[in-house]
2 protein chains.
Amino acid sequence: MARKTGSHSDITGPRVRAAALKLFAAHGFAAVSMRQIAAEVGVQAGALYLYTPDKQSLLFDLMRDHMQDVLNAWAAEEKPEGPVKELEAFSRFHIRFHLGRPEEVFISYMELRNLEPDNFEALGAMRRTYEGVLEDILTRGQDEGLFDVDDVKLTTLALIAMLNGVTSWYKPDGRLSLARVEAIYSDMAGKSVRMPRWKERQRKAEATQIA
Amino acid sequence: MARKTGSHSDITGPRVRAAALKLFAAHGFAAVSMRQIAAEVGVQAGALYLYTPDKQSLLFDLMRDHMQDVLNAWAAEEKPEGPVKELEAFSRFHIRFHLGRPEEVFISYMELRNLEPDNFEALGAMRRTYEGVLEDILTRGQDEGLFDVDDVKLTTLALIAMLNGVTSWYKPDGRLSLARVEAIYSDMAGKSVRMPRWKERQRKAEATQIA
DNA sequence: GGTTGATGTGAACGTGTGTTCAGATAGGGT
DNA sequence: ACCCTATCTGAACACACGTTCACATCAACC
């Protein structure tokens, strides 16, 4: 029976998660104690266990929810037609989404090794799903002769690494606006995989020659 | 007076560092105890303090030595002429060097936040020096009209992030050889910044038109 | 207005932490 | 043969850890 007034559980619960997010991102999962999290919330350590079964779950829930958010947000995104524009849309989406959640991103890529095996596997599956989106775009672009990609899997990982790197230096009040960063990254991503014009011409020339 | 036979300090010292490297890379600095390191070496925890003043120094020394190795190795590398070939040489060097030291690389980019302020600053300076190498190549290429880079600093960080990403998935016995990975990455890096031919032609056309 | 149940306290449990240090050990120098 | 000293042990220090639990508090309901 949920209380209406005076019930703190609706408030404290999210605050616990917010505190954990902030502290894990700043100092690392292993370096943060339950007492520090409790202090950030303004509560005693024991009270945390009303909102999480243990410290590990606190970490995993943050990571899982974040990955789910990414996947949902991409699913809701409007997709343009053709691999070239899709790649640009993906790059822009990735940069925009990740810059809006620097702490979640940081945790999701830094604390993987602190997950227990089952949780690690579950999160790995979600990550592979997301990478699959990019891999699919590259594959179709390659098939249509629009991209010149040596190895799709490797290129996928290289691009994701590049795009993720943005979170390690971007400051909202920095020199470059979000829009500019978004543009530069998506441009670099596009250029790094697109079929060069001379190669395209050569390909067409060979095709007509054979025919 | 150093012993010749039976002296273990020449042996135990490096073993302590090797154990710390291995364990820090596998589980993270904060999650590894001095007793675990000692056990890996086959010694009691107290003995470690004959080789390091404290745990923090153990981490910092590993990171500083690694960065110094990178800088030295690049200094010793033979450099080709021209920004385009220099960029390729840098990319290939970076991939090759980093894939040969996965643990050092992992630590150097994951454990920065566990460094005390002074150590953090010292390592940051070394990292900026290394990034300066790439930044310099891009700047010169841009000046010579060979590269089409929107923002040199941002592009530097994006490329470094992409190249570093390789360490998070590469397995020596995997599908792709080191040489192939090296080639693909340096190719992507080059394409992502190089001036497109059509833009180059346009630039030259405008130049003659003005003259 | 007394009862109930959600919410939180504060102390305690057992274990582990980084670090120190008196003492054991054993090989090299004389 | 003896001493010296580099090397290491094993116990101890004070403190922090994640987690549990008996108990307090207090708003909402009958």
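Proteins come first, then strands; the chains are lettered A, B, ... in the order of their sequence lines, and each starts at number 1.
When the local axes at the two ends of the helix from C:dG1-D:dC30 to C:dG28-D:dC3 are compared, using 5 base pairs at each end, they differ in direction by 10° after rounding to 10°.
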Please list each protein N or O that sits under 3.5 Å from an N or O in nucleotides 10-17 of chain D, with the distance.
{"unit_1": "D:dA12", "atom_1": "N6", "unit_2": "B:R35", "atom_2": "NH2", "d": "3.4"}
{"unit_1": "D:dC17", "atom_1": "OP1", "unit_2": "A:S33", "atom_2": "OG", "d": "3.0"}

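Listed by residue number, the members of residues 113-122 of chain A with any heavy atom below 4.0 angstrom from DNA chain D form an empty set.
Comment: B:E111 engages A:R113 in a salt bridge, judged by a side-chain N to carboxylate O separation of less than 4.0 angstrom. Salt-bridge check for B:E121 with B:R128: passed, with a basic side-chain N closer than 4.0 Å to an acidic carboxylate O. No salt bridge links B:R127 with B:E135; every basic N to acidic carboxylate O contact stays at or beyond 4.0 Å. Under a 4.0 Å N-O distance rule, the pair A:R140/A:E144 does not qualify as a salt bridge.
Between B:I11 atom CD1 and C:dG27 atom P the separation is 13 Å, expressed in whole Å. Computed from coordinates, the B:Y49 OH to C:dG18 P distance equals 6 Å when rounded to whole Å. In this structure, the CG atom of B:D54 is 13 Å from the C1' atom of C:dT20, given to the nearest Å. Between A:R15 atom CZ and C:dG8 atom C1' there is a gap of 13 Å when expressed in whole angstrom units. In this structure, the OH atom of A:Y51 is 17 Å from the P atom of D:dT19, given to the nearest Å. Between the CG atom of A:L58 and the P atom of D:dT19 there is a distance of 10 Å, given to the nearest Å. With rounding to whole Å, A:L50 atom CG is found 13 Å from D:dC21 atom P.
A donor and an acceptor atom, one from each side chain of A:S57 and A:D54, are located under 3.5 Å apart.
In this structure, CG in B:L115 is found 4.5 Å from CE in B:M63, a value given to the nearest 0.5 Å.
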Under the side chain to side chain contact (heavy atoms under 4.5 Å, CB included) criterion, do B:V43 and B:L48 qualify, and how do the steps go? CA-CA 8 Å; B:V43 99; B:L48 298 181; 4.3 Å; yes
Could you go step by step and tell me if B:V152 and B:F147 meet the side chain to side chain contact (heavy atoms under 4.5 Å, CB included) rule? CA-CA 10 Å; B:V152 171; B:F147 294 159; over 6 Å; no
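For an aromatic pair to be called close, the ring centres must be under 6.0 Å apart, and A:Y130 with A:F90 satisfies this.
Between A:H98 and A:H94, the ring-plane angle classifies as parallel under the 30° and 60° cut-offs.
For the pair A:T12 and C:dG8, the criterion of a side-chain N or O lying under 4.0 Å from OP1 or OP2 is met.
Counting heavy atoms of neighbouring residues, nucleotides and ligands inside a 6.0 Å radius, atom NZ of B:K153 does not exceed 12 of them.
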